[in-house]
Amino acid sequence: MPKRPANSVLSGPSPKVQRKGITIEEKIKVLVALSKGNGASSVGRQFGLSESSVRTIKKNEEKIRAAYALPDISKNKLHLKSAVYTEMENALTLWMEDMRRRKLTISGPMVQEQAYTIQSQIVAKQGKSTEEMKFTASTGWLYKFMKRIGTKNITVTGEAASADYGAAEEMKIKMKEMVEEMNYSPQQVWNCDETGLYWKRMPKRTYIMKNEEKAPGLKVSKQRLTVLLMANAAGTERLKPLVIHHSARHRAFKNVFISKLPVLWRANKKAWMTSSIFDEWYIEHAIPAIENVNKKHNMANRAMVITDNASSHSKHLCTVSDDVKLCFLPPNVTSLIQPLDQGVIALFKRYYLRFTMQQMANAMDRDKDLTAPAFWKSYTIKDAIANISRAWNSVPESALNGVWRNIWPDIVNDFKGFDAASDVKAIVKLRKEIRGDEGFQELQENDVVELLDSMDEPLTAEAALEIAEMAKENDDDEESTENSAQAKKEMTIPKLKNFMQNINAAIECAIQDDHDMERSMQVGDALRRAASTYSNLLEKMVMAQQQRTITSFFRPLTPPETSSTASTSGETSRASNSGGPTPPPPSPPPSPGSPSPSLSNTPESDVDNDLLELDVASDDE
């Protein structure tokens, strides 16, 4: 028998069968096909899978459907292993972003420890013990996690870095060189910084907070905003705050134009600053605002904006404008030389708390039956925005200028520092005006300090987990764009007249009741100046109404009928034959005692009030 050739197919090794990767979405389709009563073999032929693969998918149906239901899981994933930890990784990402926002560096061991803590809490909520948890936060998991979220600037081993005093001194020298080279004035150098704000949080001593801790579910006090603030070194100019929430259109804004808020309103799922939000804000708002300030003060159109090197602050923004330069601070120097971080942000938060409590006290003064819990329940994000705006506008120019002492001391005027103790005392003083919560009556200065400090503490594992859960459940606070595109509120002539009447009545009251005539006149002048925007608006609206032509008040005439209309005597109307309008039938004779009809209501009249109807709409409609 002749030998087979050496290169025969039979002599070589069997070809290796390549395994086919099946995405989660494809597995769902397989499960749907099985649910329709199809057998494993026929479903396998339909999807090009072996019968054993189909049976394995059926066996893991519960896990597959649970992974598919997760909002942040890619439907093209091939494996379920990472999907099990999606909830933990979402919360961990929040914690990392919070650490970056606070300019705190993190290391690999810190991430691993936090990941294990968060996953332990998730397992505990499921009623399981940590012994049953297979997750160990290994170094292998850390590398894969960092790759999934696209993070490269974490030291996998070693300790986190501390404040870099050497880099801060170098930046101070560099700052002086840049200012001298470009001849910047203090009005042309700006700083922007962002901070987190727990907008609905009160001291722990109050029953509002104690009751919330006992209540099941998500905690309102954990709801947070990101607020971006920006001002120039002279302290003379500040931009409208940028506020980031998790709802693009909150139900509290039902009758409000978003573009007319006293802040710039933006949203993302976690209420964090993102590169897309920062890019849009810097290009569309910051640069034009700075150029307007230069123009207003007749300054050369050049400026410099200093910010930190957060991951959300894109480096490509350095090239978007030749006139407005963006300068990044080096890592680990924010706590030392970032201007707004040297006391302004803390002052802003003290003012926010004071205005919030003052609002509560004022509401109780107007309504004697109102209690603190009832007010707090009605306090919405709309109220918070108003207080954010008031707090930011209340920061004095001297403070905005004084915080540059660590990076540009030459331009700082006579700044005596911050008096945090006086601010805290002013907040505590408001406790006497708040009723319905004995905790407020017992409020001490250290309680307020503890609350303010808690707003600056890094997220704990528990808080990160709760915020991640809030991000998943933000749809209830959303309002559809279709239903909210137009605001229903409108300032009409009657409303404006009523407002101005109230202003004039208040001025008259001050003049009549105040024995100090000079003081009452000053108050009156201040009220008139404050109301001038509305008085000017009223004048324009009245003038616009008077300029409408008389024909604009009439509805169009009804088109004439084509058929001839017979008169009461059986003859055809001449107007009808000539194509003109048909006159109305004669009015019936008046009943005894009724007034005689006016000339305009008789058939012989040249004007028919039945056809010429006034179309004057109410100003309130």
Side-chain angles (χ1 to χ4, degrees), residues 71-72 90-91 93-95 97-98 100-102 192-202 212 217-230 239-282 284-286 310 312 345 348-349 351-353 355-356 359 376-392 454-456 459 463-481 483-485 487:
D72 296 322
N90 284 343
T93 303
L94 279 172
W95 174 81
E97 289 174 351
D98 180 70
R100 289 195 190 98
R101 181 179 58 79
R102 299 175 190 280
C192 67
D193 197 7
E194 60 220 42
T195 184
L197 179 68
Y198 293 96
W199 63 275
K200 203 165 185 179
R201 180 178 287 186
M202 279 284 147
E212 184 184 277
L218 301 177
K219 312 302 181 188
V220 177
S221 63
K222 298 294 197 310
Q223 293 188 12
R224 63 181 298 285
L225 304 166
T226 295
V227 182
L228 175 67
L229 304 173
M230 180 168 172
L239 299 194
K240 184 187 289 189
L242 171 69
V243 174
I244 306 173
H245 191 255
H246 62 69
S247 296
R249 180 79 198 191
H250 197 278
R251 65 178 72 173
F253 300 145
K254 185 175 182 181
N255 291 324
V256 177
F257 285 112
I258 295 292
S259 60
K260 299 298 183 182
L261 291 173
V263 301
L264 292 173
W265 182 263
R266 295 295 181 267
N268 67 29
K269 195 172 182 181
K270 299 171 184 176
W272 295 100
M273 177 63 78
T274 63
S275 56
S276 60
I277 292 178
F278 188 83
D279 288 2
E280 184 260 344
W281 169 81
Y282 183 74
E284 301 295 331
H285 296 280
S312 57
I345 288 178
F348 160 75
K349 290 182 179 179
Y351 281 164
Y352 173 81
L353 179 59
F355 283 124
T356 301
Q359 182 181 347
W376 204 233
K377 187 176 181 181
S378 66
Y379 186 83
T380 67
I381 191 67
K382 183 180 174 183
D383 300 304
I385 282 177
N387 289 327
I388 286 171
S389 178
R390 293 189 189 106
W392 177 232
S454 72
M455 292 189 180
D456 291 322
L459 285 179
L465 195 54
E466 287 195 3
I467 293 174
E469 290 174 0
M470 284 182 187
K472 290 195 298 182
E473 300 189 5
N474 65 359
D475 292 337
D476 292 339
D477 288 333
E478 293 277 359
E479 185 181 65
S480 68
T481 307
N483 297 333
S484 60

message: As an exercise, state the distance from CG of L242 to NE2 of H285, rounded to the nearest 0.5 Å.
response: 8.0 Å
- prompt: Is S247 reaching over with its side chain to a backbone N or O of R249, donor-acceptor style, under 3.5 angstrom?
  reply: no
message: Suppose we screen for side-chain contact (heavy atoms from CB on, under 4.5 Å). Which residues come up paired with T93, at least two apart in sequence or across chains?
response: E97, F145, I149, K270
query: Okay, side chain of W272, backbone of L94: is any donor-acceptor separation there less than 3.5 Å?
result: no
Heavy-atom pair of closest approach, residues L229 and V227: CD2-CG1, 3.7 Å
Ring centers of Y351, W392 separated by less than 6.0 Å: no
- request: Give, for atom CG of L228 and atom SG of C192, the distance between the pair rounded to the nearest 0.5 Å.
  value: 5.5 Å
field: Heavy-atom side-chain contact between S312 and E194 under 4.5 Å
entry: yes
- request: Only counting residues at least two apart or in another chain, list the ones meeting ring pair (Phe, Tyr, Trp, His ring centres under 6.0 Å) with W281.
  value: F278
Shortest non-hydrogen contact from P262 toward P241: O-CD, 4.0 Å
field: Euclidean distance, N268 CG relative to I244 CD1, rounded to 0.5 Å
entry: 6.5 Å
- request: Kindly write out the residues that satisfy side-chain hydrogen bond (donor to acceptor under 3.5 Å, both in side chains) with S276, not counting sequence neighbours, or none if the list is empty.
  value: T274
query: Taking atom CE of M455 and atom NZ of K349, what is their separation to the nearest 0.5 Å?
result: 7.0 Å
query: Rounded to the nearest 0.5 Å, how far apart are CZ of R224 and CH2 of W199?
result: 13.5 Å
Heavy-atom closest pair, residues K382 and A252: CD-O, 3.7 Å
- prompt: Once the angle between the rings of Y379 and W376 is folded into 0 to 90°, is it parallel (under 30°), tilted (30 to 60°) or perpendicular (over 60°)?
  reply: parallel
- prompt: What residues form a salt bridge (Lys or Arg N to Asp or Glu O under 4.0 Å) with E280, not counting sequence neighbours?
  reply: R266
- prompt: Y282: what forms a side-chain hydrogen bond (donor to acceptor under 3.5 Å, both in side chains) with it, not counting sequence neighbours?
  reply: none
- request: Taking side-chain hydrogen bond (donor to acceptor under 3.5 Å, both in side chains) as the test, write out the residues that go with R390, two or more places apart.
  value: N387
field: Side-chain heavy-atom pair I385, L261 within 4.5 angstrom cut-off
entry: yes
- prompt: Do K200 and T356 have side-chain atoms, one donor and one acceptor, less than 3.5 Å apart?
  reply: no
field: Closest non-hydrogen atom pair, A248 against W265
entry: O-NE1, 3.2 Å
field: From I388, T226, V243, residue fulfilling side-chain contact (heavy atoms from CB on, under 4.5 Å) relative to L197
entry: I388
- line: Value for NE2 (H245) from NE2 (H250), rounded to nearest 0.5 Å, stands at 5.0 Å
